[in-house]
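Here is the structure we will look at, set down as structure tokens.
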Amino acid sequence: MNLTASVMLIATALSTVLILVSFWLPLISPDEQKVSPYECGFDPLGSARLPFSMRFFLVAILFLLFDLEIALLLPLPWGDQLPSPTTTFFWAALLLGLLTLGLIYEWLQGGLEWAE
């Protein structure tokens, strides 16, 4: 048996086992928490018209913003392999500076204060 056939056989067997296990495991013990819908901490059985804190969404948006910053800076270590690495590092420093200024602005405006 050649290498390609054995790799295909192992991949098929492993995929089949994982698919069977994924269908079998959730049926073991479904309790009330597993079958209830997830609504970001809100009561799923309560009224949908209740007011909510805008600070929760502000923190979520800030988290997404800084999470995207990390995603944009991940290829930076490979930037020194480019023909002009100083340009890459300049744009990365500009991005970090802009995000730092935005964070300082939010901090000074009191947007990061959770309790009033």
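Positions are given from 1 along the sequence.
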Please table the atom pairs, donor to acceptor, closer than 3.5 Å between any side-chain atom in residues 83-92 and protein atoms at least two apart or in another chain.
unit_1, atom_1, unit_2, atom_2, d
S84, OG, T87, OG1, 3.4

Can you give me every donor-acceptor pair (side chain of residues 98-110, partner residue at least two apart or in another chain, under 3.5 Å) with its distance?
unit_1, atom_1, unit_2, atom_2, d
T100, OG1, L96, O, 2.6

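Taking CD1 of I19 as the reference point, atom CG of L14 lies at 10.0 Å (rounded to 0.5 Å). Here the CG-CG distance, from L95 to L68, works out to 10.0 Å after rounding to the nearest 0.5 Å.
Using a 4.5 Å cut-off on side-chain heavy atoms (C-beta onward), L3 and S6 make contact.
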